[in-house]
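Working notes for the structure below.
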Amino acid sequence: MGCERPSSPRMLLLSSLIACIHLGLRPSDALFGEVHVSAPIAEPGVDEALRGALLRSLAARDAVGEGPTLELVVVEAALTPTVRSDAGGLWYVARLQARASISGRERMFSVQDWVPETGGVPDRAHVFAGLAEALSAQVAAWATSAASGQSKPAR
């Protein structure tokens, strides 16, 4: 008998999805007490958007509690007009870059996306909120794996 193939591509997709969900977000052994975000740049509100997104990402990994402080410094937040399409629309490149540090470890993170012009300059707050969500998922994954060697304090 052995291992049989799934009866349809749907079953294969479903079983792969379940495996990814099962393996993806497991509770972390790391806990972070505070998240500090500084943004010495001219983009208002990006620090609050990034802090909120990072706290949500850490909470999804069960990594908020008593522990070291996770520090983030926003290095770049840019929305740059880049390409004019054949249809006459303008496209922007939105980029968010931050340096994260935790317990003596440090790493740079960067995300970017294409944003179409829809009759005017894109809503910067909305654009950077989306980038903050993507960047915070990367930072939370790194921070929880970087700190996983630390013991988890009793709750």
Side-chain angles (χ1 to χ4, degrees), residues 9-10 12-148 150:
R10 277 185 163 167
L12 179 62
L13 179 63
L14 181 60
S15 61
S16 297
L17 180 62
I18 290 170
C20 288
I21 289 171
H22 176 71
L23 296 174
L25 293 178
R26 64 177 178 77
S28 171
D29 290 339
L31 287 177
F32 300 95
E34 293 185 41
V35 173
H36 289 158
V37 178
S38 61
I41 56 168
E43 189 60 50
V46 75
D47 51 345
E48 292 95 6
L50 190 53
R51 184 176 188 280
L54 186 52
L55 284 171
R56 286 188 296 278
S57 292
L58 290 171
R61 293 174 170 274
D62 195 27
V64 177
E66 292 184 26
T69 300
L70 178 56
E71 300 273 347
L72 247 69
V73 177
V74 178
V75 176
E76 180 184 16
L79 184 62
T80 310
T82 305
V83 176
R84 186 163 296 279
S85 71
D86 293 339
L90 184 63
W91 284 82
Y92 292 79
V93 172
R95 180 176 169 88
L96 182 60
Q97 186 174 23
R99 184 177 57 250
S101 60
I102 178 74
S103 301
R105 294 181 135 177
E106 190 173 281
R107 184 169 169 199
M108 203 66 134
F109 292 90
S110 182
V111 292
Q112 74 177 32
D113 197 7
W114 289 92
V115 181
E117 177 184 64
T118 54
V121 176
D123 178 5
R124 296 179 78 89
H126 180 73
V127 168
F128 287 112
L131 291 176
E133 291 292 334
L135 190 106
S136 69
Q138 293 176 15
V139 172
W142 170 77
T144 54
S145 67
S148 65
Q150 301 172 359

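Since we're looking at a predicted model, the values are computed, not measured.
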Distance-only donor-acceptor hits, side chain of residues 67-80, under 3.5 Å, sequence neighbours excluded:
residue, atom, partner, partner atom, Å
E71, OE2, H36, ND1, 3.2
E76, OE1, R95, NE, 2.8

Minimum heavy-atom separation for [X] to [Y], with atom names?
X	Y	result
A137	S57	N-OG, 3.7 Å
R107	W142	NH1-CD1, 3.5 Å
L31	D62	CD2-O, 3.7 Å
A140	L54	N-CD1, 4.0 Å
F109	A100	CE1-CB, 3.9 Å

Sidechain-backbone polar pair: R56 side chain, G52 backbone, donor-acceptor under 3.5 Å: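 Yes, the answer is positive, given that a donor and an acceptor are paired below the 3.5 Å cut-off.
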Under the rule for side-chain contact (heavy atoms from CB on, under 4.5 Å), what residues qualify as partners of A134, not counting sequence neighbours? V111
Is the closest side-chain heavy-atom distance between [X] and [Y] below 4.5 Å?
X	Y	result
Y92	V127	no
L50	F128	no
R51	D47	no

CZ of R99 to CD of E106, rounded to nearest 0.5 Å, is 5.0 Å
Are V93 and W114 close enough, and set up right, to give a side chain to side chain contact (heavy atoms under 4.5 Å, CB included), and what steps lead you there? CA-CA 5 Å; V93 172; W114 289 92; 3.5 Å; yes
